[in-house]
J.: 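Handing you a structure now.
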Amino acid sequence: MNMERTSTIKRDDGLWLLERMRLVRQTSQRIAKLYPTNVMETPVHLCIGQEAVAAGVCRHLGAVDKLFLGHRTHGPALCKGLPLEKLMAELYGRTTGCSHAFGGSMHLIDVEHGLPGSSAIVGGSIALGTGAALAAQMTGQPFVGVSWFGDAATNAGVFYESMNFAALRRLPVLFVCEDNGWSNVMPKSAHSAHDITSVAAQFMPTSCADGTDVLSVYDLAGAALRSIRAGEGPRFLHCKTKRWMKHQGPDACDLPDNGIDRERDCPIRKLEAFLAKAGLAQANEFSALEARIEKQIDAAIRFAETSPFPSTDLLEV
Ligand SMILES: Cc1ncc(C[n+]2csc(CCOP(=O)(O)OP(=O)(O)O)c2C)c(N)n1
């Protein structure tokens, strides 16, 4: 565990990052627990272990910024501001869900919080963030587009086309590669012949964060977004992280080469250790936060369970 981390982060920011990562972690754990009971009407791609990427980037985004996600949506959507009860109701297939039960886990929409849509097509988010950035530039509106994708998406042609276009037009877009090293059961060495950061660096400035360390992601995402907002064109943020779960569903990853040490690699433990050592927070605050979030999750589940299923009249236009 990296307890020697230095950072000038303020208490407010540190606690926000911790609260969001805990919200994502505990929500994911609850989903994993409930999923086998068949209450959820959707596949789920959980991001336990990957919470630092979502929290570290989203701390620098406002509601006006437009974030486009792929299939592993829950973490970044919650960190961007999607209300928990709307996520839970969507997973339960209820009309009060963020996509009115028509989307499910992979198609979350919350326009108010800058989540215009997510795509289950690998690479599908990349051109969308780029297009939003083009719209911002053409209309003079002060928002950034964010394209969020996994390492496997960098094999798709749209990755190159989007980076090329964004660089040519100096678009206000941040490309975030949440690199967990796997495409379903395929390791990166079996699906990619290229080095991701080197390829992106041919088009724009890049930075590479430790995606298991939220302070690393927070620092580098902040720097990238400051330069995008200053009109300096697109930036690429590569976050190397670890997937603790199977590609899809509620079970832990059992791939032989996926060496996870849940003590060493846990972004929440790392941040708690840092905050305590820096005197920014104390252990009793951590347990109180954990308990508060459990209650929030209980309330969100009650909301989902008591919400109506869609009826066929909703299909009529
Ligand atoms: C164009 C396309 N090809 C294949 C799939 C099937 N598929 C769904 S997720 C996935 C793996 C994606 O890996 P990555 O982009 O690295 O994201 P991760 O699941 O690791 O978060 C694949 C191959 C798909 N959805 N779309």
J.: Quick one: which of Arg25, Arg243, Arg72, Lys270 gives a salt bridge (Lys or Arg N to Asp or Glu O under 4.0 Å) with Glu51?
T.: Arg25
J.: I'd like to know if Glu85 pairs up with Arg302 as an ion pair, taking the criterion as any Lys NZ or Arg NE/NH1/NH2 lying under 4.0 Å from an Asp or Glu carboxylate oxygen.
T.: no
J.: Within the structure provided, determine whether Trp148 and Leu174 are in side-chain contact (heavy-atom separation under 4.5 Å).
T.: no
J.: Mind telling me whether His71 and His45 have parallel, tilted or perpendicular rings, with 30° and 60° as the class edges?
T.: perpendicular
J.: Looking only at the side chains, is there a donor atom on one of Thr27 and His74 sitting less than 3.5 Å from an acceptor on the other?
T.: no
J.: Judged by modelled atom types alone, do Ser192 and Asn155 share a side-chain donor-acceptor pair under 3.5 Å?
T.: yes
J.: Please determine whether ring-ring contact (aromatic ring centres under 6.0 Å, His included) holds for the pair Phe149 and Phe159, giving the CA-CA distance in whole Å, both sets of side-chain angles, and the decisive distance to 0.1 Å.
T.: CA-CA 10 Å; Phe149 47 92; Phe159 175 60; 5.6 Å; yes
J.: Please tell me whether Ser216 and Asp213 have a donor and an acceptor in their side chains that are separated by less than 3.5 angstrom.
T.: no
J.: For the residue pair Glu178 and Gln50, confirm or rule out a side-chain donor-acceptor distance under 3.5 Å.
T.: yes
J.: Are a donor atom and an acceptor atom from the side chains of His238 and Thr197 found within less than 3.5 Å of each other?
T.: yes
J.: Look at atom CZ of Arg169 and say whether more than 12 heavy atoms of other residues, nucleotides or ligands are closer to it than 6.0 Å.
T.: no
J.: Output yes when Lys240 and Asp210 qualify as a salt bridge under the 4.0 Å nitrogen-oxygen rule, no when they do not.
T.: no
J.: Check this for me: does any side-chain nitrogen of one of Asp195 and Lys188 sit under 4.0 Å from a carboxylate oxygen of the other?
T.: no
J.: Regarding Arg235 and Glu232, does a basic nitrogen lie under 4.0 Å from an acidic carboxylate oxygen?
T.: yes
J.: Do His191 and Asp151 have side-chain N/O donor and acceptor atoms under 3.5 Å apart?
T.: yes
J.: Distance alone, cut at 3.5 Å: any donor-acceptor contact between the side chains of Ser307 and Thr96?
T.: yes
